[in-house]
> 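First the structure, then my questions, so here it is.
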Amino acid sequence: MRLKHLYSDAPCTLDYDTPVQLMVATILSAQCTDARVNLVTPALFCRFPDAAALAGADLSELEELVRSTGFYRNKAKNIQAACRMIVEDFNGSVPQTMEALLKLPGVARKTANVVSAHAFGVNLGVTVDTHVKRLSYRLGLTNHTEPVKIERDLMKLIPQPDWENWSIRLIYHGRAVCNARKPECDRCALADLCPSAFLAAQPEKTVAAQG
DNA sequence: ATCCCGAGGG
DNA sequence: CCCTCTGGAT
C-alpha cells in the first residue's frame with residue numbers, strides 16, 4: 001500500500017490572511033464543520049483582525065461572534081488567552097514548534113499539527129483524529145486502536161521526502177470521502193485497494209462493522 | 001439520534 | 001479511562 005495514491009480533490013490549504021487567523025479558525029473548527037467556521041470568520045476577523053485585537057476584545061462580544069460554532073464559551077476564552085500569550089510571550093506571532101504551540105490555550109496536538117502544516121508548511125506529526133482512525137481501519141493500514149501506534153504505522157507509509165500536507169490529506173480524505181455515515185467510495189482513489197469499499201452499498205452495515 | 005478536522009480536566 | 005462543554009446539520 002502506497003499512500004502516494006491517496007489524492008483527493010480537496011484543497012490542502014486553508015485560505016486565511018495570517019497564521020493567527022488560521023489558528024483561530026482551527027480552534028473554532030473543533031467539533032464543528034468547516035462551513036460554519038467559514039460563516040463566522042469574515043465578521044470575526046473584520047472586527048478583530050489580529051492577535052492584539054483579539055487579546056483586547058470584549059469577551060462577551062467575542063463569544064457572540066463565534067457562538068454558532070458550538071462550545072463557544074471555551075473557544076472564545078481560549079482564543080483570547082492564546083492571543084494574549086502570543087502578544088506577550090511570542091512577539092505577536094504564532095510559534096512554530098510543537099512545544100511552544102502546546103502552551104497556547106485551546107491548542108493541543110491536532111490543532112498544532114493543522115496550524116503548522118497549513119501556516120508554515122511543516123508537518124509536526126500525523127494527526128490521528130476520528131477521521132484518520134476510521135480511514136486507517138477501513139483501509140487496513142493499521143491493526144491498532146491506540147492513536148500513538150496508528151501514527152507510527154502511518155508514518156511508515158507516508159513518502160518521507162515530501163510528506164508535507166500528508167497529515168492534512170489524511171484528515172480530509174477521512175472526513176470528506178471516507179466519512180462515517182456514507183463513504184463515497186465511487187470517488188475514492190483507493191477504493192479498488194480497500195477491503196471495506198464493497199460495503200459502501202450498505203452504509204448501515206459499514207458503520208456497524210467499524211464498531 | 002448521531003455526528004462534526006477537540007481540548008481540558010478528573 | 002472518564003466526563004463536560006455547545007450549536008447546527010442530516
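Owing to the predicted nature of the structure, the values given are computational and were not obtained by experimental measurement. Below, chain A is the first sequence line, B the second, and so on; all start at residue 1.
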> Does B/dC3 have its OP1 or OP2 closer than 4.0 Å to a side-chain nitrogen or oxygen of A/R134?
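No, no such contact exists.
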
> Answer yes or no: is there a donor N or O on one side and an acceptor on the other, between the side chain of A/Q80 and the main chain of A/A57, under 3.5 Å?
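Confirmed, A/Q80 side chain pairs with A/A57 backbone.
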
> Between A/I79 (CD1) and C/dC5 (C1'), how many Å, whole number?
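Taking atom C1' of C/dC5 as the reference, CD1 of A/I79 is at 14 Å.
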
> With no hydrogens and no angle check, is any side-chain donor or acceptor of A/R134 less than 3.5 Å from a backbone partner on A/C178?
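Indeed, once roles are kept as given, a pair shorter than 3.5 Å links the two residues.
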
> For atom P, what is the distance between C/dC3 and B/dC5, given to the nearest Å?
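Taking atom P in both C/dC3 and B/dC5, they lie 24 Å apart.
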
> Can you find a pair of side-chain heavy atoms, one from A/V66 and one from A/L44, that are under 4.5 Å apart?
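Contact flag for A/V66/A/L44 side chains = yes.
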
> Would you check if A/V122 and A/L124 make a side-chain contact, meaning some heavy-atom pair closer than 4.5 Å?
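Yes - at least one pair of side-chain heavy atoms lies under 4.5 Å apart.
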
> Main chain of A/N113, side chain of A/S116: is a donor-acceptor contact present, judged purely on distance under 3.5 Å?
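The answer is no, because no donor-acceptor pair under 3.5 Å joins these two groups.
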
> Would you measure the distance from the C1' atom in C/dC1 across to the matching atom in B/dC4 and give it in whole Å?
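Looking at atom C1' only, C/dC1 and B/dC4 are 23 Å apart.
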
> Quick check: do A/L54 and A/V20 have side-chain heavy atoms less than 4.5 Å from each other?
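Touching, per the 4.5 Å side-chain cut-off.
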
> For A/T142, give me all partners under side chain to side chain donor-acceptor pair (under 3.5 Å), at least two apart in sequence or on another chain.
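In terms of side chain to side chain donor-acceptor pair (under 3.5 Å), with neighbours along the sequence ignored, A/T142 is linked to A/D153.
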
> Measure all distances between protein nitrogen or oxygen atoms and nitrogen or oxygen atoms of nucleotides 8-10 of chain C, and list the pairs falling under 3.5 Å.
from, atom 1, to, atom 2, distance (Å)
C/dT10, O2, A/R181, NH1, 3.1

> For the pair made of NZ in A/K75 and P in B/dC5, what is the distance, rounded to whole Å?
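Answer to the nearest Å: 11 Å.
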
> Name the residue closer to the 5' end of DNA chain B, choosing between A/C32 and A/R109 according to the nucleotide with the nearest heavy atom.
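Per heavy-atom nearest nucleotide, the more 5' residue is A/C32.
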
> What are the residues of residues 41-66 of chain A, sorted by number, that bring a heavy atom to within less than 4.0 Å of DNA chain C?
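Those residues whose heavy atoms fall under 4.0 Å from DNA chain C, taken from residues 41-66 of chain A, amount to none.
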
> Using side chain to side chain contact (heavy atoms under 4.5 Å, CB included) as the criterion, list what pairs up with A/K149, not counting sequence neighbours.
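With neighbours one apart ignored, the set is A/H144, A/E146, A/R152.
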
> By centroid distance (under 5.5 Å) and plane angle (under 30°), are A/F71 and B/dG6 in a stacked arrangement?
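Yes; centroid distance and tilt both under limits.
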
> What side-chain donor-acceptor pairs closer than 3.5 Å can you find for residues 84-109 of chain A, not counting sequence neighbours?
from, atom 1, to, atom 2, distance (Å)
A/R84, NE, A/A55, O, 2.9
A/R84, NH2, A/A55, O, 3.1
A/T97, OG1, A/A100, N, 3.2

> With sequence neighbours excluded, give me every salt bridge (charged side-chain N to carboxylate O under 4.0 Å, His left out) pair touching residues 53-76 of chain A.
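Residue pairs passing salt bridge (charged side-chain N to carboxylate O under 4.0 Å, His left out), neighbours aside: A/R47-A/E61, A/E64-A/R67.
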
> C/dT6 and B/dT2: how far apart are their C1' atoms, nearest whole angstrom?
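Per the computed distance, 15 Å lies between those C1' atoms.
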
> What's the closest nucleotide to the side chain of A/T130 if the choices are B/dC4, B/dC5, C/dT6?
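The closest nucleotide is B/dC4.
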
> Tabulate protein N/O versus nucleotide N/O from nucleotides 8-10 of chain B, keeping only pairs under 3.5 Å, one per line.
from, atom 1, to, atom 2, distance (Å)
B/dG8, OP1, A/G106, N, 2.6

> Starting at atom CG of A/L28, determine the distance to atom P of C/dG7, rounded to an integer number of angstrom.
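The distance from CG of A/L28 to P of C/dG7 comes to 15 Å, rounded to the nearest Å.
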
> Could you state the atom-to-atom distance from CD of A/Q31 to P of B/dC5 in whole Å?
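Roughly 9 Å, once rounded to whole Å.
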
> Just compare B/dC5, B/dG6, C/dT6 and give me whichever is closest to any side-chain atom of A/S29.
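Out of B/dC5, B/dG6, C/dT6, the nucleotide with an atom closest to A/S29's side chain is B/dC5.
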
> Side chain to side chain contact (heavy atoms under 4.5 Å, CB included) with A/D129: which residues, sequence neighbours excluded?
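Residues passing side chain to side chain contact (heavy atoms under 4.5 Å, CB included) with A/D129: A/K110, A/T127, A/H131, A/V132, A/I171.
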
> A/K110 has an atom NZ; how far is it from atom C1' of B/dC5, in whole Å?
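Whole-Å distance recorded here is 9 Å.
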
> Output all residues satisfying side chain to side chain contact (heavy atoms under 4.5 Å, CB included) with A/F45, sequence neighbours left out; order by chain, then residue number.
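Side chain to side chain contact (heavy atoms under 4.5 Å, CB included) check on A/F45 returns A/Y16, A/Q21, A/V24, A/T41.
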
